[in-house]
Amino acid sequence: MKLLLIHADFMEYEVKRKTKIAEDFNKKGERIEEVLVIFTAVEKGDEAIVEKAIGEIRDVADKVNAKRILIYPYAHLSSNLADPEIAIDILKKIESELRDDFEVYRAPFGWYKSFKISCKGHPLSELSREIRAEEEVEVTKALKDEEKVRSYWYILTPSKELVSIEDFDFNRYEKLRKFVSYELEKRREVDRIPPHVELMRRLEIADYEEASDSGHMRWYPKGRLIKNLLETFITEKCVEYGAMEVETPIMYDRAHPTLRKYLERFPARQYIISGDKRDFFLRFAACFGQFLMTSNSVITYKNLPMKIYELTRYSFRKEQRGELVGLRRLRAFTMPDMHTIVRDVEEAKREFFNQYKLSVEVLREIGITPDDFEIAIRVTKDFYEDNKDFIHSIVDVLKKPILVEMWDQRFFYFVLKFEFNFIDALDKASALSTVQIDVENAERYGIFYIDEDGGKKRPLILHCSVSGAIERVIYALLEKASMDIKSGKLPMLPIWLSPVQVRIIPIAGRHIKKAIEIAEKLKKEKIRVDVDNRDETTGKKVRDASTEWIPYIVVIGDKEVEMDKVSVTIRKESTLESQKRVEMSVDELIDRVKEECRDKPYKPLPLPMLLSERATLR
RNA sequence: GCCACGGUAGCUCAGCAGGUAGAGCGCGUGCUUGGUAAGCACGAGGUCGCGGGUUCAAAUCCCGCCCGUGGCUCCA
């Protein structure tokens, strides 16, 4: 709705001619003294903001101390006008609401009119207001409900006792203490940029892209490679687990009745995109597409549990600006999202347990061990009471105490979830893997399966992000590396994720040819290798390789050529003070690297093999 | 979204009682052909985040915006 507010000594108008949409009017016109004139254009969708508009008008009327108000329909203020009938209704509503406190006049809608106005000319006498619904950033019911949730906190001990957090002895569990205080006190004592931000830039992994929205990153070749390897690995793990990989759209009709209700239940802010006729929201997970797909599927009890999977590139969540930092929290992120359709609570529990174990295993293979994260279980009181033994059995997997948050009522769509929360170098926690048991959406989307008796049954649905967002996994690996730096270790990525696995350094120009020969051999064996053929000293080249965290540095000189061996510096076994250096044959090196990357995906080096040909990308 | 701080060469940063724009690294050229974490010399490189204002004169002072960081809020 557009408003132009003029505080006038007087306003007079006269009706001239009707248009097709004119309302009845039997006077010729009128003249009103000492009046606040509201030129108004009612726009599409304004039904929702009438109250807000009235508030604005009251506000201005009070400020200029006006007793009389004239509402004057003025279509020229907008190019997106509402239907005339709706516009008249809204104007009438405004009129009647204001009547309690003001002397209100309303010029007839749909007439050609002449008018004279005498604007007072004081600073507030000419104002314009644009009233818009606050839906660019949509605050869902779930976001608001979240504030009302009453939580009770416990620790589930390794001996399967549920004790209140006051009674738990945190002495041997420093990280858990940090996590609990993070969850409950929400206290931050951090005044530093998280270490991974500098690392992600220095290692040419990712960077901020100022030309995009906040929280949308640019990925350099090395970062894209790491991300690609993780994406491939995690997808393969889920497919191996039995999931069917699919792909679904990234945007959906905002007005779609089912999706609309789901949006309301999901506490995240959306991006809104205008289409030709409809408005769309960008997905924040793969649930939409997968649920719409399964709601059209014929599923029988024989097909259960049925798992479908998508790697969302991207999921979009319009997180608040202050929440966005580096790779920890983004507005566009990549997430493995698997949904499992199960018959009943018993099958849900079995799957939940298996996916819990799968998540542990996936993170472990990526290089994030159970020591690096703390476990949270969030559960409704009812579900806990009914499934006590099952929930207690979860501690058996890792034998670590678990933070339990219990809700007296169910506010969200799930009754049980777990999260693995990574604790970073600044003691902040963020969720990686998570699985939830969803009791609402099968019904909402009309998803059913045919049971043995031929009847339609409502399944339960598990949501699983087996690793959490890929970007966040990289954040965790980098934060972990920075903790290694603090404790005096040489930081590195797992070998299979290292963009360059082997660097070959020829000592003098005459060794370059041999270096390239060896590199070609390694490359054929699917090892990412490059050659530092720059005109620099050996010391400099070794230093550069080290600051890039390259796991194996091979030096080639006269000695090596003669002995047909190479001198290899092994980063994992070195410290800054003493480097672990061994002589080995090229074949031994190949075997070693291949062994370390066994069962992990491989992608070739997305950079020129010769350093002299390589640009600096940041 | 609110509050605070920051944005100067590709990178990290100095300069800021208003008066010709600086360093280190990187890059280019030359010397050097080297033995495991930074060889030497020379050179190129700047809309001082963007827009407006004050002023004879703005990187410097003022206002607005953008981006980043921290805090608050928030984080199914």
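Just so we're on the same page: letters track the sequence lines, and every chain starts at 1. Side chains included, hydrogens not; waters and symmetry mates left out as well; all remaining heavy atoms used.
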*Which letter, B, S or -, goes with each nucleotide of nucleotides 3-13 of chain B from 5' to 3', with contact meaning a protein heavy atom under 4.0 Å?*
-------SSS-
*Which letters describe nucleotides 32-47 of chain B, given B = protein heavy atom under 4.0 Å from base, S = only from sugar-phosphate, - = neither?*
BBBBBBBB--------
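Residues A/Y314 and A/L282 fail the side-chain proximity criterion, which asks for heavy atoms closer than 4.5 Å.
Rounded to a whole Å, the NE2 atom of A/H216 is 16 Å from the P atom of B/C66. Atom P of nucleotide B/C67 and atom CG of A/D207 are separated by 15 Å, given to the nearest angstrom. The CZ-C1' distance, from A/R614 to B/G26, rounds to 16 Å in whole Å.
Under a 4.0 Å N-O distance rule, the pair A/E374/A/K178 does not qualify as a salt bridge. Taking 4.0 Å as the cut-off between side-chain N and carboxylate O, A/E310 and A/R283 count as a salt-bridged pair. A salt bridge links A/E548 with A/R503: the distance from a Lys NZ or Arg NE/NH1/NH2 to an Asp or Glu carboxylate oxygen falls below 4.0 Å. Of the charged side-chain nitrogens involved, at least one lies within less than 4.0 Å of a carboxylate oxygen, so that A/R592 and A/E573 count as a salt-bridged pair. Look at A/D408 and A/K381 and you find no salt bridge, because none of the NZ, NE, NH1 or NH2 atoms lies under 4.0 Å from a carboxylate O.
Rounded to a whole angstrom, the distance from the C1' atom of B/G7 to that of B/G51 is 16 Å. Comparing B/C3 with B/C16, their P atoms are spaced 29 Å from each other, to the whole Å. B/U12 and B/C27: their C1' atoms are spaced 16 Å apart (whole Å). When the C1' atom is used for both B/C65 and B/G71, the distance is 22 Å, rounded to whole Å. Distance check on atom P: B/C42 versus B/C5 gives 42 Å, rounded to whole Å. Here the separation of B/A44 from B/U8, taken at their P atoms, is 23 Å to the nearest Å. Here the separation of B/G49 from B/U60, taken at their P atoms, is 8 Å to the nearest Å. Comparing the C1' positions of B/G46 and B/G26 gives an interatomic distance of 16 Å, to the nearest angstrom.
Taking CZ from A/R329 and CG from A/L324, the interatomic distance works out to 8.0 Å, rounded to the nearest 0.5 Å. Rounding to the nearest 0.5 angstrom, the gap separating the NZ atom in A/K565 from the NZ atom in A/K559 is 13.5 Å.
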*asked:* Between A/R410 and A/E440, does the salt bridge (charged side-chain N to carboxylate O under 4.0 Å, His left out) criterion hold? Intermediate values first, please.
replied: CA-CA 11 Å; A/R410 183 168 66 82; A/E440 271 187 8; 3.0 Å; yes
*Are A/E209 and A/H216 close enough, and set up right, to give a side-chain hydrogen bond (donor to acceptor under 3.5 Å, both in side chains), and what steps lead you there?*
CA-CA 7 Å; A/E209 175 52 74; A/H216 295 241; over 6 Å; no
*Where do A/Y413 and A/R444 land on the side-chain hydrogen bond (donor to acceptor under 3.5 Å, both in side chains) test, with the steps shown first?*
CA-CA 11 Å; A/Y413 55 77; A/R444 178 170 301 132; over 6 Å; no
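Syn is the glycosidic conformation of B/A17, whose angle stays within 90° of 0.
Contacts of A/V325 with the nucleic acid, taken as non-hydrogen atoms under 4.0 Å apart, involve only primed sugar atoms and P, OP1 or OP2. Using a 4.0 Å heavy-atom criterion, one finds that A/E319 contacts no nucleic acid atom at all.
A distance-only check finds a donor-acceptor pair linking the side chain of A/T537 to the backbone of A/K540 [under 3.5 Å].
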*Both distances under 3.5 Å, Watson-Crick or G-U wobble: on that basis, could you give the dot-bracket string for RNA chain B, with [ ] for crossing pairs and | for other-strand partners?*
(((((((..((((.....[..)))).(((((.......))))).....(((((..]....))))))))))))....
